[in-house]
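Scroll down for the structure; my scribbles are underneath it.
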Amino acid sequence: MGSALWAGISGLNASSKELDVIANNIANVNTVGFKASKTYFGDVLSQSISGGSSGNMQVGRGVMVTDIATQFGAGSFETTGNATDVSIDGDGFFMVNDKNGATYYTRAGAFHMDNEGYLVDVNGYRVQGYNLTGSSSTTIDDIALANVQSAPKVTSTFSFGLNLNAEEPAGGTFNCSQTVYDSLGAKHTLNVAYTKTEENGCWGFQVSLDGVEAAAQTYSGMKFDAAGNLEKLYTASVEGLTITGAGTAEATVNKPGQLYKSTVIVNEEGNEEVVKIKLTRGEGATSWTIDENGGYDNMSVTATADTVEIDLDGAGGADITFALAGAWAENNTIEFAITCTEVDPVDLAVTFGNISNGATIGNSNVVTWDIEGSSAPPITGYASTSVIRSLSNDGYASGILRSLSIDGEGKISGFFTNGQTSNIAQLVLADFENPWGLKKMGSNLFGETITSGPAIKNVPGASGMGEVKSNCLEMSNVDIATEFINMITAQKAYQANARVITTQDQVLTELMNIKR
């Protein structure tokens, strides 16, 4: 007879535990990453009243709580303005370590940088993953974001997209400049100075770095076709130097891009002959006159006792300089030809001298000018204003971390003040054969147990792991409506069990009154 009391009491205890679980679920309805729990019941071993083992006549002994299981279904996702707020879309847990190195697992991805530059959760525990900027990129470790810097990259290739005005008069100039970087990340100004030649469609150019002309450049001029398209690159030199008299002269070509002219013509007899320039020592052996200008109609000559400077286009400056030595007399002559070498447009190598800060630029101070190919911007010679359309180079200065972003694979990318973006670290997730065996440790943390099995670790999106969403937090998966329904049923169960106890009490009271 007394078993009804004990059955009722077990019902009270079980319903009370269920109400405890429901209360905890409701209390954590706004807890980031919280996983609700559900109470499961089982009956207590029954008592046979038939005295046999057939099981036909058994009376139950009440109820007990058999399990309080965590429900790992996904919660809703809430968008935030913090790039280090992350959620998992699918299976898996973030891993965090406390100061003693103990590892915990969580779905709460509200992370931030601490004062030491580590990525931590709200408990100050360090988030685990791969650091991609050092030597530990294959070792799971605390994700460190302190002192991350983007190293400089030396400029090895540059380009200009531009138009050079076909109607520019001979001697007209146009300058194109851009900032380039040496091996230390220091800035330098690279300039290309274009000068229109007397020959239609041709422009000479000279590359310089910080105002110092390049030590060498494979070509020195550009030739455009009748449609304004870049047709040829060229360079020119002085050839066939012939001197009459006892003096000597050494030629230096200062502006090979200005020397473009047709060097071979067909004469009146129909034969090819080389176009030459001839200078004659004037009266008193102090001046020079032009006997043959080689087609350079505006050519002028400036002479001193030791030099002869030739300005081919008459626009100013010495295109060719002759250093004189020995005995020069009146009517002595200097005769030479200009040889021009043409090639189809190709990438051009520019060699610079030593840089003052000890750094280098390009490959051993050789930089490539990207002129030909799909990556090269067009250079045209239309009859319109000379203008720079685009400029680029592959170098940049060093930079400090400005902001972070996290992609679906958990890669943490840094955007730096030099405009570069690079991967700094990558989150690593953990999963379990039996996540219901994890132990709740408080503060949205779970601990590994024998029942859960060891953690299976991998990057987001791999081997069944969920992908990561940035600027997003997974909220509690508690369903208020469901919890209220469960609360009502638990309350009714409690009331019913209490009524069983009071009824059994009345029965016992009647039994005691039989003696009266």
Side-chain angles (χ1 to χ4, degrees), residues 79-87 94 109-121 126-161 177-190 209-210 355-363 365 367-368 370 375 377 388 390-428 459-461 467-473:
T79 302
T80 72
N82 184 11
T84 56
D85 283 342
V86 287
S87 58
F94 299 111
F111 302 143
H112 63 277
M113 287 178 62
D114 67 7
N115 59 354
E116 296 181 75
Y118 289 98
L119 189 66
V120 298
D121 70 357
R126 294 176 179 177
V127 182
Q128 301 299 291
Y130 298 132
N131 289 300
L132 304 180
T133 57
S135 59
S136 61
S137 59
T138 59
T139 303
I140 297 176
D141 201 353
D142 303 337
I143 291 181
L145 304 176
N147 302 318
V148 176
Q149 189 173 15
S150 174
K153 184 177 185 299
V154 64
T155 296
S156 59
T157 302
F158 70 93
S159 65
F160 288 97
S177 297
Q178 63 173 295
T179 300
V180 295
Y181 301 88
D182 65 25
S183 56
L184 296 176
K187 295 180 179 180
H188 300 272
T189 299
L190 184 146
L209 188 69
D210 296 332
I355 300 175
S356 59
N357 61 359
T360 60
I361 193 168
N363 183 9
N365 288 339
V367 181
T368 299
D370 186 12
S375 63
I388 300 174
S390 66
L391 48 85
S392 66
N393 72 84
D394 59 353
Y396 46 82
S398 62
I400 59 175
L401 186 63
R402 175 178 289 174
S403 62
L404 296 172
S405 65
I406 304 176
D407 67 10
E409 296 179 346
K411 290 181 180 177
I412 304 174
S413 298
F415 179 70
F416 297 87
T417 53
N418 60 0
Q420 301 303 305
T421 300
S422 64
N423 292 328
I424 302 172
Q426 185 174 20
L427 297 170
V428 175
V459 296
E467 291 190 348
V468 167
K469 293 182 178 294
S470 182
N471 294 98
C472 181
L473 289 175

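Numbers here simply count residues along the sequence, with the first being 1. Note that the structure is a prediction, hence the values are computed from the model and not measured. All values below were derived from every heavy atom in this structure, side-chain atoms included, with hydrogens, water molecules and symmetry-related copies excluded.
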For this session: Without swapping roles, check the side chain of Gln426 against the backbone of Glu409 for a donor-acceptor pair under 3.5 Å.
Result: yes
Exercise. Pairs in or reaching into residues 415-425: which pass salt bridge (Lys or Arg N to Asp or Glu O under 4.0 Å), with residues at least two apart or in two chains?
Worked result: none
Seminar exercise, completed: Ser470 and Val86 have their tightest heavy-atom pair at CA-CG1, 4.0 Å
Exercise. Got a sec, which residues hit side-chain hydrogen bond (donor to acceptor under 3.5 Å, both in side chains) with Asn82, two or more places apart in sequence or on another chain?
Worked result: Thr84, Asp85
Seminar exercise, completed: Rounded to the nearest 0.5 angstrom, the CG-OG1 distance for Leu473 and Thr80 is 5.0 Å
For this session: Work out which heavy atom in Ala144 is nearest to a heavy atom in Ile424; give both atom names and the distance.
Result: O-CG2, 4.4 Å
Problem set entry | OH on Tyr130 to CD1 on Ile143, rounded to 0.5 Å | 11.0 Å
Seminar exercise, completed: So CD of Gln420 and OH of Tyr396: to nearest 0.5 Å the spacing works out to 4.5 Å
For this session: Kindly write out the residues that satisfy side-chain hydrogen bond (donor to acceptor under 3.5 Å, both in side chains) with Thr155, not counting sequence neighbours, or none if the list is empty.
Result: Asn393
Seminar exercise, completed: Residues Phe94 and Phe111: closest non-hydrogen pair is CG-CZ, 3.7 Å
Exercise. Got a sec, which residues hit salt bridge (charged side-chain N to carboxylate O under 4.0 Å, His left out) with Asp407, two or more places apart in sequence or on another chain?
Worked result: none
Exercise. CD of Gln149 to OG of Ser422: how many Å apart, nearest 0.5 Å?
Worked result: 11.0 Å
Problem set entry | Thr417: partners by side chain to side chain contact (heavy atoms under 4.5 Å, CB included), with sequence neighbours left out | Ile400, Arg402
For this session: Measure the shortest side-chain to side-chain distance between Val120 and Met113 over non-hydrogen atoms and say whether it is less than 4.5 angstrom.
Result: no
Exercise. Just wondering, do Phe158 and Leu391 contact through their side chains at under 4.5 Å, heavy atoms?
Worked result: no
Problem set entry | Heavy-atom closest pair, residues Asn418 and Ser150 | ND2-OG, 3.0 Å
Problem set entry | Counterpart residues, side-chain hydrogen bond (donor to acceptor under 3.5 Å, both in side chains), relative to Asn423 (two or more places apart) | Ser413
Problem set entry | Pair Ile355-Asp210, side chain to side chain contact (heavy atoms under 4.5 Å, CB included): steps then yes or no | CA-CA 10 Å; Ile355 300 175; Asp210 296 332; 5.8 Å; no
Problem set entry | By side chain to side chain contact (heavy atoms under 4.5 Å, CB included) - contacts of Ala151 (at least two apart) | none
Exercise. Out of curiosity, Leu404 CG to Thr421 OG1, how far, rounded to the nearest 0.5 Å?
Worked result: 11.0 Å
Exercise. Between Thr189 and Ser177, what is the shortest heavy-atom contact and its length?
Worked result: CG2-CB, 4.2 Å
For this session: To the nearest 0.5 Å, tell me how far Thr360 OG1 sits from Asn365 CG.
Result: 6.0 Å
For this session: Show your reasoning for whether side chain to side chain contact (heavy atoms under 4.5 Å, CB included) applies to Leu190 and Ile361.
Result: CA-CA 11 Å; Leu190 184 146; Ile361 193 168; 5.8 Å; no
For this session: Kindly determine whether Lys187 and Tyr181 satisfy side chain to side chain contact (heavy atoms under 4.5 Å, CB included), including the steps that lead there.
Result: CA-CA 5 Å; Lys187 295 180 179 180; Tyr181 301 88; 3.5 Å; yes
For this session: Would you please name every residue forming a side-chain hydrogen bond (donor to acceptor under 3.5 Å, both in side chains) with Asp142, sequence neighbours left out?
Result: Arg126, Gln128
Seminar exercise, completed: Sequence neighbours excluded, the answer for side chain to side chain contact (heavy atoms under 4.5 Å, CB included) partners of Ser392 is Ser159
Exercise. Does Ala359 have any side chain to side chain contact (heavy atoms under 4.5 Å, CB included) partners at least two apart in sequence or in another chain, and if so, which?
Worked result: Asp182, Ser183, Leu184, Asn357
Exercise. Any chance CD of Glu467 has more than 12 other-residue heavy atoms, nucleotides or ligands included, within less than 6.0 Å?
Worked result: no
Exercise. Which heavy atom of Ala186 sits nearest a heavy atom of His188, and at what distance?
Worked result: O-CD2, 3.4 Å
